[in-house]
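First up is the structure itself, then whatever we jot down about it.
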Amino acid sequence: MSSATIIDGKAVAAAVRAQVAEDVAAYTAETGRTPGLATILVGDDAGSAVYVAGKQKACAEVGIKGFDHRLPADTSREELLALIDALNADDAVSGILCQLPVPAPLDGVELTNRIDARKDVDGLTIASTGRLSLGMDGLRPCTPKGVMLLLEHAGVAPQGREAVIVGRSNLFGKPMAQLLLAANATVTTCHSRTADLQAVCRRADILIAAVGVPHLVKGDWVKPGATVIDVGMNRLESGLTGDVDFEAAREVASAITPVPGGVGPMTIACLLRNTLTAARMVGA
Ligand code: NAP
């Protein structure tokens, strides 16, 4: 018999998007300006094209203007840096994101870092990362920010809780740890060299998996009553699946996110929220 509450990321994301739409309308009525998001897609990776199309569509739905820059895989570093400089200077553009990964020999870190931190809606520049770790205001990476909103929705206050994150990527694991630390959780970040991962996971009141290995986290890795957040998105022949053995973990956890329909939908919702925040910061 299943016991865990299923955290419905689709519903939470829909509520965030509806609120952003309302806030964008109020912002436009007040300032006469429309927030704008510029996306940069280099090359013809089908998955990246789907992600960017989804972001552009979501913008249109909440009244954010989209600027969709698609460039061939052989675009030079100089051309891209010039494009980012132009977007940084463009008053109609509130937020900029460069879809990663970019084709070799382009350097995604270099391109991302060219983005003005006030327009860094992915929250991945060195400036945004530094601001997060120093506890300063700024734009936060969308997926970890989405997880914080899901915890809030589930009524799970991180303060004083033991949080364990499996995965230490710059995109997710590290900023997730910083956000939980800022919320006064006691945070452990695990990775491929962590000794006795199961025992560390068993300590977690809040267990977050962002690894990219289907069903790595077993039911007996979960502390009874824990909140389990599954960030993994693994495409198998049977469909999309997470990093947690959902059926086993839901028997032990008190709340758990499904895949799909958990963390995934929160990422774009937070991107829209960040774009409006950026518009307020840059006055665009
Ligand atoms: P990543 O950059 O590949 O990082 C994976 C992390 O998992 C690394 O820190 C790695 O350790 C660790 N790891 C790998 N195998 C492990 C093992 N057997 N035991 C313990 N740790 C292990 O991945 P990412 O970008 O963070 O993404 C992780 C997953 O989340 C993917 O499935 C991705 O699709 C998904 N994701 C979803 C969203 C979304 O829902 N919108 C957003 C971002 C990511 P080392 O550092 O030691 O190599």
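Atoms within a ligand are numbered from 1 in the order they appear, just like the ligands themselves. Quick caveat: nothing in here was measured; it's all calculated off a predicted structure.
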Quick one: which of Asp245, Thr241, Asp230, Asn234 gives a side chain to side chain donor-acceptor pair (under 3.5 Å) with His215?
Thr241
Run the side chain to side chain contact (heavy atoms under 4.5 Å, CB included) test on Ile208 and Phe172 for me, step by step, so that the C-alpha distance in whole Å, both residues' side-chain angles and the decisive distance to 0.1 Å come before the verdict.
CA-CA 10 Å; Ile208 302 178; Phe172 181 81; 3.7 Å; yes
The protein heavy atom nearest to atom 47 (O) of ligand 1 is Ser192 OG, 2.5 Å
Report the nearest protein non-hydrogen atom to atom 20 (C) of ligand 1: residue, atom name, distance rounded to 0.1 Å.
His191 O, 3.3 Å
For a quick check under 3.5 Å, do Thr267 and Thr143 share a side-chain donor-acceptor pair by atom type?
yes
Looking at atom 11 (O) of ligand 1, is any protein heavy atom nearer than 4.0 Å to it?
yes
Distance to 0.1 Å, residue and atom name: give those for the protein heavy atom nearest to atom 25 (O) of ligand 1.
Leu171 CD2, 3.8 Å
Nearest neighbour in protein (non-hydrogen) for atom 6 (C) of ligand 1:
Gly167 CA, 3.7 Å
If you have a sec, work out which protein heavy atom is nearest atom 46 (O) of ligand 1 and how many Å separate them, to one decimal?
Arg168 NE, 2.6 Å
Among Asn88, Val121, Asp120, find the residue that satisfies the side chain to side chain contact (heavy atoms under 4.5 Å, CB included) test when tested with Ile96.
Asn88
So, 4.0 Å and heavy atoms of Thr194: is ligand 1 close enough to count as a contact?
no
Show me which atoms of ligand 1 lie under 4.0 Å from any heavy atom of Gly264.
40 (O)
Looking only at protein heavy atoms, what sits closest to atom 30 (O) of ligand 1 is Val231 O, 3.4 Å
Is the shortest side-chain N to carboxylate O distance from Glu110 to Arg114 below 4.0 Å?
no
Return the closest protein heavy atom for atom 31 (C) of ligand 1 as residue, atom name and distance.
Gly212 CA, 3.8 Å
Asp116/Arg118 ion pair, N-O < 4.0 Å
yes
For atom 1 (P) of ligand 1, find the nearest protein heavy atom and state the residue, atom name and distance (0.1 Å precision).
Ser169 CB, 4.1 Å
Against Val42, only a single residue in Asp74, Leu80, Leu83 fulfils side chain to side chain contact (heavy atoms under 4.5 Å, CB included); can you say which?
Leu80
Output yes when Asp91 and Arg33 qualify as a salt bridge under the 4.0 Å nitrogen-oxygen rule, no when they do not.
no
Are any of the N/O atoms in Met233 less than 3.5 Å from those in ligand 1?
yes
If you count the atoms of ligand 1 from 1 in the order shown, which ones are under 4.0 Å from a heavy atom of Leu197?
19 (N), 20 (C)
Start with the C-alpha distance between Lys145 and Asn274, add both sets of side-chain angles, then the distance that settles side chain to side chain contact (heavy atoms under 4.5 Å, CB included), and finish with yes or no.
CA-CA 10 Å; Lys145 181 171 164 153; Asn274 275 355; 2.9 Å; yes
Under 4.0 Å, counting heavy atoms only: does Gly173 come that close to any atom of ligand 1?
no
